[in-house]
Amino acid sequence: MAKLTLEPIGTPRERALDETTYRAQRTHLEGLNAALRAKRDEVRAGWGPEYRARVEKKGKLSTWDRIERLKDAGSPVLSVGTLVNYGRVFGEERKSSPGAGVVTAFVRVEDRWVVAIANDNTVASGSWWPQTPEKIQRAQEIALRLRLPVVYLVDCSGLFLPEQAHTFPGREGAGAIFRMNALLSDAGVPQIAGVHGDCIAGGGYMPIISDVVYMTEQAYMVIAGAALVKGAKSSKITSLSIGGPDVHVHLSRCADHRVPDDDALLTSVRREVAKLPGSACAYYRYGAQAAPPRHAPEELDGLFPVDHRHAYDMREVLARLTDHSLFHEFAPATGPEMICGLARVSGLYAGFVANNLALTDHPVHGGVKRPGGILYRDGIAKVAQFSRACNDDGIPIVWLQDIAGFDIGPEAEKEGLLGYGSSLIYANSTNTVPMFTVLLRKASGAGYYAMAGLPYAPILQLATPLTRLAVMEGRTLAIGAFNSKLDDDFKIVAASEREAAEIAKGMEAVEARIARDMDPVLAASQRDVDEIVTPGELRLWVCSAIEMAYQAIGARRVKNPRIFSFHDLDRLIR
Amino acid sequence: MFKRVLVANRGEIAARVIRACRELGIETVAVYSEADRDAPWLSGATATVCLGPAKASLSYLDQDAVLQAADQTEARAIHPGYGFLSENAVFAARCAQQGIAFIGPTPASIRLMGDKLEAKRTMAAAGVPTIPGSLGALRSADEAAALAERVGYPVLLKAAAGGGGKGMRRCDDARALPRAFSEAALEAQHAFGDPRLYLEKFLEGGRHIEFQVLADTYGRAVHLGERDCSVQRHHQKLVEESPSPAIGAAERADLGARAAAAAASFGYVSAGTLEFLRDASGGLVFMEMNTRLQVEHPVTELCTGIDLVREQIGIAANRPLSMTQDGIRFSGHAIELRINAEDPDAGFAPDPGLVTAVSIPASPGGGVTVRWDGGVAAGWRVPPHYDSLVGKLIVHAADRPAAIAAAREALSALRLDGIKTTIPLHHRILDDPDFVAGTYDVSFLERKALAAVPRG
């Protein structure tokens with residue numbers, strides 16, 4: 001019988017964790033979450049209330065307000081790349097570039113997920129900083145791979161000129177934004193543009209390839225502003241007079257419709273989205289309905305130990321991300337250090353790969369326990385085959401990372417983990433099914449790669465405030481660097497107490513540097529993760545990602561559950 | 001807002017549109033035929049373009065010439081006025097194709113309302129009362145007979161594919177029906193290539209009452225009340241007034257709301273007018289919709305304080321309606337007198353000629369407004385090639401009696417020397433007891449033979 005039975009997973013929080021521990025863990029994480037939210041608010045404020053007031057005085061909406069009016073009432077704004085350029089300052093004036101001056105977000109418009117790309121008009125007139133083009137292209141790439149409609153809300157004065165050397169010429173420089181416009185159109189992905197303000201040079205080019213372009217009465221698109229046109233002053237030429245809706249809607253036809261203001265434009269854009277095919281999610285639910293987990297997702301904020309070295313039960317995490325907290329585990333007895341399985345998320349089939357942090361039994365040497373959060377041979381093989389099967393079946397994969405790395409030592413080398421790991425890498429590298437990676441906590445070394453880290457092109461890579469992303473843990477690196485001074489158990493061996501103290505200090509310094517490197521905010525700032533989310537927000541993100549993966553019918557293979565490869569595997573692995 | 005609008009019309013309506021554009025700070029391009037080369041309204045425009053010879057088909061109706069004029073002058077929008085190209089769906093489509101905003105409804109709306117049966121079906125579906133009869137073509141004479149029994153004689157059989165009186169037969173009783181059906185079908189086949197007929201109750205006399213609607217591109221529509229246009233000669237309106245003496249506030253609100261909703265139901269935009277007939281039985285039934293601005297729009301403007309041409313221009317620029325239904329107030333009473341260059345005492349023979357003097361009465365104040373929408377000036381020769389309307393005298397006062405009195409006064413002060421006009425006829429109409437009582441209907445003018453002045 002080719003039936004897929006989902007079984008309950010997880011336990012009520014009161015049984016899984018005692019109240020004191022839960023409260024302590026929650027409080028600790030809430031501190032981190034609050035710091036994250038403060039950073040988001042900082043970015044949302046752009047260059048500050050003075051710049052916002054300037055925008056509003058012109059009768060325009062601020063960019064974040066435009067996003068609010070664009071989306072369906074009561075729906076979330078899932079911003080990616082919020083912290084790009086966080087902590088960086090540019091030039092002698094040390095200007096900040098909040099969000100790299102652009103908002104890229106997934107929003108619901110007329111019951112469809114769309115990718116919204118909106119220049120931040122409170123930051124240097126929406127101009128492009130280092131990393132702005134890459135941030136925009138990342139959003140376009142996601143839209144291209146999932147065939148999601150793109151809405152551009154253009155309010156962009158072109159490159160931020162003092163930094164042009166970093167944004168103009170490169171392979172992924174500003175010009176690549178227009179190449180992505182073309183590739184999106186080439187792939188039949190709808191692109192709708194609204195022109196809200198002064199759009200100069202790059203900003204002028206941004207809307208043109210879109211299928212339909214709306215301009216407000218204040219908006220203009222120009223190859224170059226009137227300031228560069230010889231004789232403009234005596235001829236009383238302004239950028240608006242040469243590039244406003246009067247010219248582009250009627251004479252050049254570079255735009256299609258004129259509307260009085262931002263509000264009317266956003267209403268019109270919503271109307272365009274409503275003309276597009278509806279979401280295929282209802283079709284691919286196969287009669288099931290979206291359902292919340294039985295165990296509350298908000299409890300995730302209290303599940304993680306304060307000390308990052310301590311374990312927790314990953315199944316409790318899975319229970320709070322899946323509909324009804326139901327899960328079908330694939331080959332639980334094989335490679336128990338990895339949890340692989342299928343569940344429904346928002347009623348849609350999704351595959352999960354997650355690290356088991358508990359001690360597990362050695363497969364051969366009875367009585368020997370091995371630490372979790374590590375990849376051993378059978379786990380790698382299980383994950384590789386699971387990945388292939390999901391790809392085969394068109395089941396999107398969610399990778400939940402809390403991994404210290406591969407097993408090391410003589411057994412690991414003899415068993416050929418290099419080979420097994422490469423087999424897994426190969427599968428992930430050649431997968432076409434959408435994959436979403438969440439760096440829950442540890443994301444170290446080859447383990448980060450094996451579990452579809454960013455180099456393996458997941459559609460999205462999310463981090464949490466607990467994320468520790470580095471080639472290895474600081475302690476491991478310190479052990480490696482000071483190996484000659486350590487004994488078999490990695491304890492310091494020194495001639496004197498002073499020398500021991502110096503070695504200890506040296507090791508601490510190494511650890512501290514890595515600890516700084518591991519800060520997820522650094523990763524987010526340089527686009528090594530797409531967004532940092534709180535564990536309590538994970539369910540929303542996973543649901544949204546899975547819905548986006550099923551929205552565009554015809555975009556990819558989706559096999560019906562009757563003929564999943566998993567049924568064959570279940571027969572073979574017993 | 002648009003930088004420049006081309007006015008594809010002539011005479012008083014061209015002057016009217018040019019005025020509205022000037023008030024909005026919009027440049028205008030006035031197009032003219034050879035016969036209108038020295039026309040008085042042209043001086044109000046920013047630029048002018050000659051379209052061609054006097055004949056309308058070679059000038060005002062020449063789409064290529066009008067579109068080329070717009071191209072040459074970089075006009076962003078075209079206001080078609082009334083008549084000429086205003087209800088030409090192909091022209092509206094060509095404007096849209098070239099990125100020129102057509103100040104009026106979409107080609108689809110024009111086409112829909114131009115098809116009498118489709119228009120009737122659309123209105124019926126939207127809850128507007130229509131003439132009792134069939135909503136589609138009849139399948140047989142038997143079906144016609146059954147329907148006629150239900151609807152009540154006399155009935156009218158009409159060609160589904162045409163108009164202009166061809167394929168039409170009036171039927172007074174059941175005996176006459178089979179023969180009338182086959183005759184009408186045959187005539188329709190010959191005239192239009194389509195023998196299908198539909199049936200309507202034959203309505204005689206009655207009052208012509210029309211509702212003004214305005215709709216924007218965001219699906220919002222309002223009504224601006226009704227106009228009574230029953231003073232007609234050979235189906236040509238001569239006097240219009242608002243409100244209609246035959247309509248009460250409740251009926252106005254109800255039917256107006258239905259009219260607005262009907263317009264919104266098929267995506268109508270801009271100004272439009274739903275024409276109704278009130279027959280002897282007292283009910284108002286839909287006759288047709290005019291998908292353009294009408295000649296008599298000023299009476300609505302004076303009663304509501306809303307400038308319809310300015311609204312049309314805003315709607316064409318994708319502005320939302322500047323008013324809600326609740327915000328529209330109807331106040332006072334307005335009467336419009338169409339002044340044609342015709343001799344009412346010589347069978348309304350057109351009297352084009354040199355206008356030697358023009359004197360327009362001013363508003364006397366005291367709650368009375370006098371408005372003149374004219375297309376003549378002293379020293380200008382009214383050409384014979386076009387319709388004979390030279391201007392409209394409109395008055396507004398606190399109530400109907402005051403409006404009639406004001407109309408009489410203004411009419412007496414109005415002078416258009418050098419040509420015969422319908423001024424004397426209007427005097428007689430304003431003095432007529434049925435008109436004063438508000439009890440006139442569409443047969444009023446013919447019955448009273450007001451056109452004929454007793455000789456002797």
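Small disclaimer: the values here were computed from a predicted structure and weren't measured. In what follows, every heavy atom counts, from backbone to side chain, and hydrogens, waters and symmetry copies are set aside. Letters A, B, ... mirror the listed sequences (proteins, then strands); counts begin at 1.
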Notebook entry, point to check: Would you call A:Lys60 and A:Asp65 a salt bridge, taking side-chain N to carboxylate O under 4.0 Å as the test?
Noted result: no
Next item on the list: For the pair A:Phe178 and A:Trp128, name the ring-plane relationship: parallel under 30°, tilted 30 to 60°, perpendicular over 60°.
Entry: tilted
Note to self: Ring-plane angle category for B:Phe102 and B:Phe91, please: parallel below 30°, perpendicular beyond 60°, tilted otherwise.
What the structure shows: perpendicular
Margin query: I'd like to know if the side chain of B:Asp216 reaches the main chain of B:Leu321, judged simply by a donor and an acceptor atom lying under 3.5 Å from each other, with no hydrogens or angles considered.
Written below: yes
Margin query: Check whether A:Arg258 reaches the backbone of B:Ala317 with its side chain - one donor and one acceptor, N or O, closer than 3.5 Å.
Written below: no
Checklist line | Side-chain donor/acceptor of A:Arg147 to backbone N/O of A:Ile553, under 3.5 Å | finding: no
Notebook entry, point to check: Going by atom types alone, do B:Ser322 and B:Glu311 pair a side-chain donor with an acceptor below 3.5 Å?
Noted result: yes
Next item on the list: With a 4.5 angstrom heavy-atom cut-off, could you sort out which part of A:Val249 is near chain B: side chain, backbone, both or neither?
Entry: backbone
Next item on the list: Say whether, by atom type as modelled, one donor and one acceptor occur between the side chain of A:Gln140 and the main chain of A:Ile177 under 3.5 angstrom.
Entry: yes
Checklist line | Side chain, backbone, both or neither of A:Arg253 within contact of chain B (heavy atoms, under 4.5 Å) | finding: side chain
Next item on the list: For chain B, find its close neighbours in residues 189-197 of chain A: heavy-atom separation under 4.5 Å, sorted by number, or none.
Entry: none
Margin query: Could you check whether any side-chain heavy atom of A:Ile117 comes within less than 4.5 Å of a side-chain heavy atom of A:Val102, counting everything from C-beta outward?
Written below: yes
Item checked: Heavy-atom contacts under 4.5 Å, residues 265-281 of chain A to chain B -> A:Thr267, A:Ser268, A:Arg271
Item checked: B:Ala96 portion near chain A, given a 4.5 angstrom heavy-atom threshold -> backbone
Next item on the list: Tell me, please, whether A:Tyr51 has A:Arg54 positioned over its six-membered ring: NZ or CZ under 6.0 Å from the ring centre and within 45 degrees of its axis?
Entry: yes
Margin query: Would you say the ring centers of A:His250 and B:Phe2 fall short of 6.0 Å from each other?
Written below: yes
Next item on the list: Answer with side chain, backbone, both or neither: which region of B:Ala101 has an atom nearer than 4.5 Å to a non-hydrogen atom of chain A?
Entry: both
